[in-house]
Asks: 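Below is one structure. I have some questions about it.
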2 protein chains.
Amino acid sequence: MYAGVFPASNRSRQTPGTTAPSYLARPRQISLFSPDAEIYRQGDRSGLVYRVEFGAVRVYRLHAGGRRQVVSFHLAGETFGLEADRTRRFFAEAMVHSGLTVVGNASAETTSEDLLALALRQMISAQEHLLVLGRQSALEKLAAFLLDIAERQGDLDPIDLPMTRIDIGDYLGLTIETVSRSFSKFRDEGILRLHGARTVELLKPDRLRLLCQ
Amino acid sequence: MYAGVFPASNRSRQTPGTTAPSYLARPRQISLFSPDAEIYRQGDRSGLVYRVEFGAVRVYRLHAGGRRQVVSFHLAGETFGLEADRTRRFFAEAMVHSGLTVVGNASAETTSEDLLALALRQMISAQEHLLVLGRQSALEKLAAFLLDIAERQGDLDPIDLPMTRIDIGDYLGLTIETVSRSFSKFRDEGILRLHGARTVELLKPDRLRLLCQ
DNA sequence: CGGTCCTTTGAATTTCCTCAAACAAAGTGG
DNA sequence: CCACTTTGTTTGAGGAAATTCAAAGGACCG
């Protein structure tokens, strides 16, 4: 496990001619994280906001009894880590080999407008996740999850899942067995095809949309 | 059903000598809503943020199939209604006779700092709700819900629940029967006492905390 | 090639949901 | 003021779904 640092590549710099938020205008460094490497932990004093340059991140909380609730996944191009009072309320880990840049923090370094946009995005993300968790059926939860991930990956087919069944279960409030059985059910019904456990081809996405709308 | 308007009372004005947020410095009007009166609906174009002066509000979304997911409850003194793009993503209704004031909107009228604080509060609220919904047991969900409401009511005993069992069920992702059975279980174990369905006396709150921590 | 971790599948159990009925509280109209 | 209706709550019985426990199969890595 390692966590190195090197200068950011060009693709993450501001595009000429566009009005990008101020935090995109500065040169940045990419921090590298190997699978399961810790990015921050609950209780840490930090208001750093990160952007995923490549890879994927899980944010979660640990409950008494060893249970874990994954609060959010973050894929390439997405930001995470904004806190209300500069104290971490969750744990964050890389799920696969990942590169992160710091795009700002909750102090004067970033404009209030940028922070507001970030906060609103995280709010909507939590609300949408909440709506998924409120669904009663495991099939509906998994359908909503797959459609969400597919959309965030730019609808490229097949989907690459950076997370394990355990991660998905902890995200949806299900056991890994139920997650696996739900995948199998979708496969048996011809809704999707599995190329290994982590690569999913959505054959009939409309059938999934019917389930969760 | 009615929704009247009259000048705000003194208690909602700024206290002399304190530095209150700018939106508290202006005089306001209280809008009145009777039980089940609509405050706004999904799709509405509005960025108004409300403060509950008295009463209680539910915010929810309707799914296909008639299912309803309550996203949040708001009690006296709390604010709600901040939207990312001035389009309502949920419905809001008064649960009991309620009075609301407008504390700002997502345009220039309110400072960016105030909006950020509101957004962060709504973000945390959604994340905490998400953690409750992720719990697998109905008893854990209800325990977390009761402790949350008790704390927000200032730990006054007994608690007054402004919402029906249907509301609680739609908030926790349970049926009303399961909610009712969970109440009965807690009552039979001496954890709480019910004075009618809407008044709850927490006899052993620590037993509830043990369940959900 | 052996070991570890992840995933899948099966069987038994528990929990929750669905359907149903009884009960309680509040409001309406005669 | 009282029957009646409506709405909300509680409780029971049966069935469906998810969890738990268990074992076997795959994929990856040293």
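Computed over heavy atoms, backbone and side chain alike; hydrogens, waters and symmetry mates excluded.
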Asks: Let me know the distance between CD1 of A:I168 and C1' of C:dT8, rounded to the nearest Å.
Replies: 14 Å

Asks: Atom CG of B:L142 and atom C1' of C:dC16: how far apart are they, to the nearest Å?
Replies: 14 Å

Asks: Using whole Å, report how far CG of A:D188 lies from C1' of C:dT8.
Replies: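 Those two atoms, CG and C1', are 12 Å apart.
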
Asks: Taking atom types as they are modelled, is there a donor-acceptor pair under 3.5 Å from the base of C:dC16 to the side chain of B:Q136?
Replies: no

Asks: So, OP1 or OP2 of C:dC16: does either fall under 4.0 Å of a side-chain N or O from B:T175?
Replies: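 No, because none of the side-chain N or O atoms of B:T175 sits under 4.0 Å from OP1 or OP2 of C:dC16.
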
Asks: Is the shortest side-chain N/O distance from B:T178 to OP1 or OP2 of C:dC16 below 4.0 Å?
Replies: no

Asks: Under 4.0 Å: is that the gap between some side-chain N or O of A:R198 and OP1 or OP2 of C:dT7?
Replies: yes

Asks: Nearest-Å distance, NZ (A:K185) to P (C:dT7)?
Replies: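 Distance, rounded to whole Å: 21 Å.
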
Asks: Looking at A:S180, does any N or O in its side chain come under 4.0 Å of the phosphate oxygens OP1/OP2 on C:dT9?
Replies: no

Asks: How close or far is atom P of D:dA17 from atom CG of A:L172, stated in whole angstroms?
Replies: 18 Å

Asks: So if I take every side-chain heavy atom of B:E177 and compare against D:dG8, D:dC21, D:dG12, which nucleotide ends up nearest?
Replies: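 Minimum distance to the B:E177 side chain belongs to D:dG12.
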
Asks: Measure from the side chain of B:S184, starting at C-beta and using heavy atoms only, and say which of D:dT19, C:dC17, D:dT10 lies closest.
Replies: D:dT10

Asks: Base, sugar-phosphate, or nothing: which does A:G173 touch, judged by heavy atoms less than 4.0 Å apart?
Replies: sugar-phosphate

Asks: Would you find a donor on one side and an acceptor on the other, under 3.5 Å apart, between the side chain of B:S184 and the backbone of B:S180?
Replies: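 Side chain of B:S184 to backbone of B:S180: a pair is present.
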
Asks: Ignoring backbone atoms, establish whether B:R187 has a side-chain N or O less than 4.0 Å from OP1 or OP2 of D:dT9.
Replies: no

Asks: Could you state the CD1-P distance from A:I166 to D:dT20, rounded to the nearest angstrom?
Replies: 14 Å

Asks: Using only modelled atom types and a 3.5 angstrom limit, is any donor from either the side chain of B:R181 or the base of C:dT18 paired with an acceptor on the other?
Replies: yes

Asks: By nearest heavy atom, map B:V179 and A:G196 onto DNA chain C; which one lands nearer the 5' end?
Replies: A:G196

Asks: Atom CG of B:L194 and atom P of C:dA24: how far apart are they, to the nearest Å?
Replies: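 After rounding, the reported distance stands at 15 Å.
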
Asks: Output the single nucleotide from D:dT11, D:dT9, C:dC17 whose closest atom is nearest the side chain of B:I176.
Replies: D:dT9

Asks: May I have all residue pairs that pass side chain to side chain donor-acceptor pair (under 3.5 Å) and include part of residues 191-200 of chain B, sequence neighbours excluded?
Replies: B:H195-B:E201

Asks: What is the separation between atom CG on A:D167 and atom C1' on C:dC5, rounded to the nearest whole Å?
Replies: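 Computing the A:D167:CG to C:dC5:C1' distance gives 13 Å.
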
Asks: Quick check against the 3.5 Å criterion: does A:Q122 have a side-chain atom that pairs as donor or acceptor with the backbone of A:L82?
Replies: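 It does hold such a pair.
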
Asks: For the backbone of B:Y171 and the side chain of B:H129, can you confirm whether one donor and one acceptor N or O come within less than 3.5 Å of each other?
Replies: yes

Asks: Hey, can you tell me if B:F54 and B:H97 have their rings parallel, tilted or perpendicular (30° and 60° cut-offs)?
Replies: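 Ring orientation, 0 to 90° scale: parallel.
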
